[in-house]
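Here is the structure we will look at.
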Amino acid sequence: MYVPLTPSHVGADRPDDVAAAVRRLEHDRPRWVWADAREAYTPLVRDGVRVSRCHDLALTEGLLLAAEGRYGAARSAKAAHARLHGLPEPHENDAGADTLFPAEPLGVSAIEEVLADQLARIERLPEPGRFRLLVAAESAGGLIAAEMAEAGMPWNRRLHDALLTEKLGPRPMRGMRPVKLQALADELAAIFGHAINPDSAQQVIKAFKAAGVDLKSTRSWELKQIDHPAIAPLLAYKELARLHSFHGWAWADQWVRDGRFRPEYVVGGVVTGRWATNGGGALQIHKSMRKVVVAEPGWTLVVADAAQLEPRVLAAMAGDGGLARAAGEIDLYAALAQSFGGERDNAKIAMLSAMYGGTSGDAPKLLAVMRQRFPQAYQFVEDAARAGEEGRVVRSWLGRTSPPPSDRWRSLVSGPEGGRAARDRGRFTRNFVVQGTAAEWALAMMAVLRGLLPEAARLVFFQHDEVMVHCPAEQGGEVIAAVGKAAEEATRLLFGATPVRIPMEAVAVECYADAK
DNA sequence: TAGTTCAGCGCC
DNA sequence: AAAGGGCGCTGAACTA
């Protein structure tokens, strides 16, 4: 049962009454329909309302447009509505226009029209059943992102400050270098005989040149090849500078409030379906920061990640019997080792090279083994690569469609460097089918998990194939069991009966750093 | 001066 | 140990 969520439709006279009305109607577990979760659901979440499922018109429109080969069109529900009526599409992200003429939210009838259109368009796709699952999972992602933004990941600012102070020295005045960074800069100045800005690649390269060392870049792996007294302090500087600018005091001032890190997640923000963030850098938090993520007293953090998700997904998608049997084991690479001369590492290189298009080192030799031993899995990614090289689009398992080639690519590919451009796109589409399906599995898993969690437990973090739940300590075991069930159910939802297992490794810890 | 691109590096 | 693809974010460098 689809129910548009607008104040008038739920019988609320004032915006404040919406929460109560939704809470009451949620008893029948409708599928709420809204234009955009951030607009419609975030205020409800703030009022403590949770709904079990929804259909997100904007997220669905994005999936549909891509599947229909209309990649560039605007994805908002409002744009979809305008297209239905042959009207010019409103400009998205046009904040100025909204300031002059405050945007009118879509009414019930408009929501119903766009919904009906979307449901009809889904039926016209090659695999409507799978796509419906994709739409449900993506929409659930919208719910989860809104709820995680509200809950936030525990972030102990006192420990964070202590960590920064230990590594950088006390918090400096705005715009100043922390003392330990300055000391390293001074050390470099003494070695080179003049001050340089170690953040400037140009100045660093020039200084080394004067000292008789030719550098192509200041990448740390290149610096590490060189024997020179300035290398060690420069590498130390680069590492600390990144800590300071990326995860420093200013970052915490902006993103941590009330002991919670609240980044802004963007569901489906990556073309493959992975999430992105819009500020906060939640998906690039340095591992050393995990020690400041600590459960509330009496609470615990359940940290779970899907081990070897991508090769397992490939095994299931390709229907490769041999690979699927190996993917029924806890350590997939170990199970493959005997096919690769008894070397687990070789099995891993072969799988990664197949999924990502690797060609260096032993990859060609190991790929030849893979082609012979696991022909269906090999062919599956080869087909995806070929499609990309030929300028076609590819689809994930549930039907997320890759972007079409750009005009720039089309002209490039017929030029002198065309082979290179074709191969690059082939690597992208090769990876798209695997990464995209892995992202779908993760969404489905989270959607199921969300429904299994005890009342007080909160999803607080998600990073591609890893989730974190903050819950009362005594519920840790229950949440770990829920994670296991969610993983099994997600695998069944996507792939039905398959020997492939996608286990989640879950632990209950007081501190994130203790999870691995 | 303000906006855009680049180099570099973190995460998966 | 790393290879590969996907990102976001920073300060520097460049452009208008």
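Quick note on labels: first sequence line is chain A, next is B, and so on, each numbered from 1.
Residue-environment remark: NZ (A/Lys238) exceeds the threshold of 12 foreign heavy atoms within 6.0 Å.
For A/Gln284, counting side-chain heavy atoms from C-beta on, the closest listed nucleotide (C/dA13, C/dC9, B/dC9) is C/dC9. Distances were taken from every side-chain heavy atom of A/Ala276 (C-beta onward) to each of C/dG8, B/dA7, C/dG6; the shortest belongs to C/dG8. Of the candidates B/dG10, C/dG4, C/dG6, the closest approach to any side-chain atom of A/Thr272 belongs to C/dG6.
Using a 4.0 Å heavy-atom criterion, one finds that A/Gln435 contacts the bases of the nucleic acid, with or without backbone contacts as well. Residue A/Phe246 is classed as a base contact, given a heavy-atom separation below 4.0 Å to a base. Among the heavy atoms of the strands lying under 4.0 Å from A/Asn197 are primed sugar atoms or P, OP1, OP2 only; no base atom is included. Within 4.0 Å (heavy atoms only), A/Ile349 reaches at least one base atom of the nucleic acid. Contacts of A/Arg425 with the nucleic acid, taken as non-hydrogen atoms under 4.0 Å apart, are absent.
Ionic pairing of A/Glu389 and A/Arg386 is present here: one or more N-O contacts between side-chain nitrogen and carboxylate oxygen are shorter than 4.0 angstrom. A salt bridge links A/Asp331 with A/Arg344: at least one charged nitrogen is closer than 4.0 Å to a carboxylate oxygen.
Atom-to-atom, CZ of A/Arg219 to P of B/dC6 comes out at 13 Å; the value is rounded to the nearest Å.
Listed pair A/Ser200 / C/dA12 fails the phosphate criterion, with no side-chain N or O lying under 4.0 Å from OP1 or OP2. Using a 4.0 Å cut-off, some side-chain N or O of A/Gln202 falls inside it from OP1 or OP2 of C/dC14. Distances shorter than 4.0 Å separate none of the side-chain N or O atoms of A/Ser245 from OP1 or OP2 on C/dC9. In terms of phosphate contacts, A/Lys287 brings no side-chain nitrogen or oxygen within less than 4.0 Å of OP1 or OP2 of B/dG10.
Across all their heavy atoms, A/Ala487 and A/Ile502 have their closest contact at CB-O, 3.5 Å.
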